[in-house]
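These notes are about the structure you will find just below.
Within every chain, numbering begins at 1; the chains are lettered A, B, ... in the order of the sequence lines, protein sequences first and strands thereafter.
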Number of protein chains: 2
Amino acid sequence: MKKGLTPICHRFFTNLSNPTRLATLEQLMNKPMSVNELAEALGQEQSMISHNLKPLLQCNFISSEKEGKKRIYSVNHETIGALFKTVENHAQKFCPTGGKCLKGEN
Amino acid sequence: MKKGLTPICHRFFTNLSNPTRLATLEQLMNKPMSVNELAEALGQEQSMISHNLKPLLQCNFISSEKEGKKRIYSVNHETIGALFKTVENHAQKFCPTGGKCLKGEN
DNA sequence: TCCACATATGAATTATTATTCATGTGAAAT
DNA sequence: ATTTCACATGAATAATAATTCATATGTGGA
């Protein structure tokens, strides 16, 4: 059944379909951060952040670089910015009242 | 933990993180189709197609209109086109060799 | 070297989603 | 009005993914 973009889209969107990872990306859109900073900002355990950073890294949605004992993560603004913008536009234009577009709301 | 775009992104990307739904969208990017046409094109059962059309419809990623006893589904080109384009661009630019960007490949 | 900090990993458990199969519903044709 | 086509829905099972907790690794400082 697999055609064209489907496999890569599946991989990417699966990666993006998790609230922890999305919140992480949202944070990183503001500024690069270390794992502990993310954990604190999101109120999550460090191990959970690490687990969730990994797939984002593998897909190159984020990148990292060492700084002392810390590791600083940065978001891929080009891709993630574009995706968020599309989502925002869609939500505004096609789901103005939220309605069925939002989970559990019907 | 939920901030800004995270909930709506979560809803949208969860919706898009399924191979059947993605393949459906890919089909519909070519032309509007009925449920049975989709089922045949994708080699899937009709009930599965119907189940998967529903969330796409709820998020307005597709729309439908009746035509006799059939129901014809059309894709939201604006949103889905933009998303696919972003994915394609990202894959080309940041995952040129596939590598870890593709599931199971490491 | 030894300790502490920062992060990563493994494995088990839990939670979420997908798929299947049976059946329901509505609309047009006979 | 009954049959058939086209599609939708429900509920159970199966598949996949997320989270937690324990522990490992690696790096710099005392």
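Listed by first then second residue, pairs satisfying disulfide (SG to SG under 2.5 Å) with a partner in residues 20-66 of chain A number zero, not counting sequence neighbours.
We find that CE of M48(A) is positioned 21 Å from P of dA12(C), with the value rounded to whole Å. Per the geometry, CG belonging to L38(B) stands 9 Å off P belonging to dC7(D), to the nearest Å. Put simply, NE2 on H10(A) is 10 Å from C1' on dT17(C), counting in whole angstrom units. Atom CZ of F13(B) and atom P of dA17(D) are 17 Å apart (whole Å). Spacing between atom CG of N52(B) and atom P of dT20(C) amounts to 10 Å, rounded to whole angstrom units. Counting to the nearest Å, the P atom of dC7(D) and the CD atom of E37(B) are 8 Å from each other. dA18(C) atom C1' lies 15 Å from atom CG of L42(B), rounded to whole Å. K70(B) has its NZ atom 10 Å from the C1' atom of dC5(D), to the nearest Å.
In this model, the phosphate group of dT19(C) is approached by a side-chain N or O of N18(B) to a distance below 4.0 Å at OP1 or OP2. Between dT17(C) and R21(B), no contact under 4.0 Å exists linking OP1 or OP2 to a side-chain N or O. Between Y73(B) and dA6(D) there is no side-chain polar atom (N or O) within less than 4.0 angstrom of OP1 or OP2.
Of the listed nucleotides (dT7(C), dT19(D), dC7(D)), dC7(D) has the atom at the smallest distance from the side chain of N36(B). Of the listed nucleotides (dC7(D), dA18(C), dT19(D)), dT19(D) has the atom at the smallest distance from the side chain of T20(A). Set against dT9(C), dA6(C), dT19(C), the side chain of K54(A) has dT9(C) as its closest nucleotide. When the nucleotides dT9(D), dA6(D), dT7(C) are ranked by their closest atom to the side chain of S50(B), dT9(D) comes out on top.
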Donor-acceptor pairs under 3.5 angstrom involving side-chain atoms of residues 60-73 of chain B: please list them, not counting sequence neighbours.
{"residue": "N60(B)", "atom": "ND2", "partner": "F94(A)", "partner atom": "O", "Å": "2.8"}
{"residue": "S64(B)", "atom": "OG", "partner": "R71(B)", "partner atom": "NH1", "Å": "2.8"}

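The closest donor-acceptor contact from the side chain of S17(B) to the backbone of T14(B) lies under 3.5 Å.
Evaluation of the salt bridge (Lys or Arg N to Asp or Glu O under 4.0 Å) rule for K54(A) yields no partner, not counting sequence neighbours. The ring-ring contact (aromatic ring centres under 6.0 Å, His included) search around F84(A) returns none, not counting sequence neighbours. Checked against salt bridge (Lys or Arg N to Asp or Glu O under 4.0 Å), K85(B) has no partners two or more places apart in sequence or in another chain.
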Task: Base-contact (B) and sugar-phosphate-only (S) positions in nucleotides 22-30 of chain D, heavy-atom cut-off under 4.0 Å, - elsewhere - done: B----S---

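In the model, N52(B) has no side-chain atom that pairs as donor or acceptor with a side-chain atom of Q44(B) under 3.5 Å.
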